[in-house]
Amino acid sequence: MSAEAQFAAYVSKNIEGIGKDTAFLGLSSIWVREAIRHNYAQNFTWLGRPVIQVPQDVYAIQELIWTCRPDLIIETGIAHGGSLVLSASMLAMLDYCDAVAAGTVLDPKASRRKVVGVDIDIRAHNRAGIEAHPLAHKIKTIEGSSIAPEVFEKVRAHAEGYERIIVFLDSNHTHEHVLAELELYAPLTSKGSYCVVWDTGVEDLPDEMCANRPWGKGDNPKTAVWEYLKRLSGEGRTAADGAKLQFATDKTIEHKIVITASADGFLRRI
Ligand SMILES: C[S@@+](CC[C@H](N)C(=O)[O-])C[C@H]1O[C@@H](n2cnc3c(N)ncnc32)[C@H](O)[C@@H]1O
């Protein structure tokens, strides 16, 4: 076994061990809950734009993008634009590394790798910040509800011709909305790639922490994921590429990062 393979096996064992350590996992979920009381996930920026993600999830995003090498990332929920800039920066990094590997000079505007973001309300200052960002050429924004047929049709049309697509769902966190998003957007995920449903952790919060929200225990992204996976195995669905759509919940990512807002939310298309 090569040294690289040996190290990968060692890391896998670490992760497997964490997955079995209920005390450590339990402690971490308490940490996540308490962090939410302080709006901790809102404390960070990515290349200058506020991003609403816990840093461990950002690490997961980096690994997913590096591994899946998408040419298109579809995101619902833009807010300040930080997650769009994060995705765009990783796509730019793939472009850069490809150019280095090929020994060519990178023309940043020639790459077709893009991120498409949808938000029902792109505030003027956020739009201005996104448009002024040096990575704006890799970002396309669409304003409207992610589940409105005409909005989805724009995203679907944009996705035509792209082969490796990652989907990130992070907009309205009610069961009904996320389930509708999964029905629309999950089929666009390419084989071997991911559809990540953020903020599934709402299911594990005490009721009082969601008192002023339309979502809460029993009505949130995690319940939508559970229902969607049930539909996939019961009724079946067809992916945009015509193949049978199947997802597996990737617990390895969860057990690697441990602290996540999105337990059960990392869906790998198999
Ligand atoms: C949690 S924030 C997104 C955070 C962003 N992905 C990030 O990581 O920085 C949720 C966003 O979803 C948007 N939103 C709410 N309902 C929506 C809907 N029906 N369609 C699209 N976006 C929606 C809100 O306007 C808000 O900007």
Side-chain angles (χ1 to χ4, degrees), residues 32 35-36 38-62 64-65 73-91 115-130 133 135-136 138-156 158 166-186 188 194-203 205 209-210 212-216 219-222 224 257 259-262 265-266:
V32 169
I36 291 169
H38 296 280
N39 299 316
Y40 171 84
Q42 303 199 18
N43 291 348
F44 305 93
T45 57
W46 189 267
L47 302 186
R49 292 306 303 161
V51 57
I52 309 176
Q53 298 285 351
V54 293
Q56 285 83 350
D57 282 327
V58 171
Y59 223 105
I61 290 169
Q62 178 272 136
L64 283 185
I65 295 176
I73 298 174
I74 297 169
E75 298 195 18
T76 66
I78 294 175
H80 307 269
S83 59
L84 289 184
V85 171
L86 166 60
S87 291
S89 70
M90 282 304 302
L91 295 178
V115 50
V116 176
V118 178
D119 200 292
I120 198 166
D121 178 17
I122 308 175
R123 309 250 165 103
H125 62 282
N126 288 329
R127 182 182 290 286
I130 295 165
H133 199 279
L135 288 169
K138 294 199 92 62
I139 297 171
K140 177 178 172 54
T141 58
I142 297 170
E143 189 160 47
S145 174
S146 53
I147 59 170
E150 67 281 8
V151 170
F152 174 69
E153 178 47 31
K154 281 186 197 164
V155 178
R156 197 208 53 75
H158 192 83
I166 288 183
V167 173
F168 293 138
L169 302 179
D170 190 20
S171 67
N172 177 329
H173 298 319
T174 63
H175 176 93
E176 192 186 4
H177 186 84
V178 179
L179 189 55
E181 280 189 335
L182 280 163
E183 289 285 3
L184 291 169
Y185 294 91
L188 298 178
Y194 283 76
C195 173
V196 181
V197 181
W198 298 112
D199 280 335
T200 52
V202 172
E203 174 66 10
L205 297 178
M209 285 182 73
C210 300
N212 57 353
R213 299 290 206 168
W215 49 81
D219 177 359
N220 57 68
K222 193 184 274 185
I257 58 178
I259 285 171
T260 177
S262 303
F266 293 92

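Nothing here was measured: the structure is a model prediction, and the numbers come from that model. Numbering of ligands and ligand atoms starts at 1, following listing order. Because only heavy atoms are used, hydrogens play no part in the values below, and waters and symmetry mates are left out as well, while side chains stay in.
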Select one of side chain, backbone, both or neither to describe which atoms of His177 lie under 4.0 Å from any atom of ligand 1, heavy atoms only.
side chain
How close do Val118 and Tyr185 get, counting heavy atoms only, and between which atoms?
CG2-OH, 4.4 Å
Ligand 1 atoms in contact with Gln53 (distance to a heavy atom under 4.0 Å):
8 (O)
Starting from atom 26 (C) of ligand 1, what is the nearest protein heavy atom, named by residue and atom, and what distance separates them?
Asp119 OD2, 3.4 Å
If every non-hydrogen atom of Leu47 is compared with every non-hydrogen atom of Ser89, which pair is closest and at what distance?
CD1-CB, 3.5 Å
Under 3.5 Å, is there a donor on one side chain and an acceptor on the other for Thr174 and Asp219?
no
On the 0 to 90° scale, with breaks at 30° and 60°, tag the Trp198-Phe168 ring pair as parallel, tilted or perpendicular.
tilted
Quick one: nearest non-hydrogen protein atom to atom 9 (O) of ligand 1, plus distance?
Ile52 N, 2.9 Å
Protein contact of atom 17 (C) of ligand 1 - nearest heavy atom, named by residue and atom, plus distance:
Ile120 CG2, 3.6 Å
Provide the number and element of each atom of ligand 1 under 4.0 Å from a heavy atom of Gly144.
20 (N), 21 (C)
Within the side chain of His173, is there an N or O that forms a donor-acceptor pair under 3.5 Å with the backbone of Ser171?
yes
Protein contact to atom 1 (C) of ligand 1 [nearest heavy atom, distance to 0.1 Å]
Asp170 OD1, 3.7 Å
Where is the tightest heavy-atom contact between Leu182 and Ala224, given as atom of each residue plus distance?
CD1-O, 3.8 Å
I need the contact type for Ile78 against ligand 1. Using non-hydrogen atoms and a strict under-4.0 Å cut-off, is it side chain, backbone, both or neither?
backbone
How many angstroms lie between CG in Asp119 and CG in Asp170, if you round to the nearest 0.5 Å?
9.5 Å
Ranked by distance from atom 20 (N) of ligand 1, the top protein heavy atom is Ser146 N, 2.9 Å
Among non-hydrogen protein atoms, atom 7 (C) of ligand 1 lies closest to Ser83 OG, 3.3 Å
Is any side-chain heavy atom of Tyr40 less than 4.5 Å from a side-chain heavy atom of Pro55?
yes
Give me the nearest non-hydrogen protein atom to atom 12 (O) of ligand 1 as residue plus atom name, then the distance to 0.1 Å.
Ser171 CA, 3.3 Å
Under a 3.5 Å threshold, yes or no: a donor from one side chain and an acceptor from the other, between Ser146 and His177?
yes
Might you point out which heavy atoms bring Cys210 and Leu205 nearest each other, and give the distance in Å?
SG-CD1, 4.0 Å
Tell me the protein heavy atom at minimum distance from atom 16 (N) of ligand 1, and give that distance in Å.
Asn172 CB, 3.5 Å
Please confirm whether Ser145 comes within less than 3.5 Å of ligand 1 when only nitrogen or oxygen atoms on both sides are compared.
yes
Are any of the N/O atoms in Val51 less than 3.5 Å from those in ligand 1?
no
Can you name the atoms of ligand 1, numbered from 1 with element, that are less than 4.0 Å from a heavy atom of Ala79?
2 (S), 3 (C), 4 (C), 27 (O)
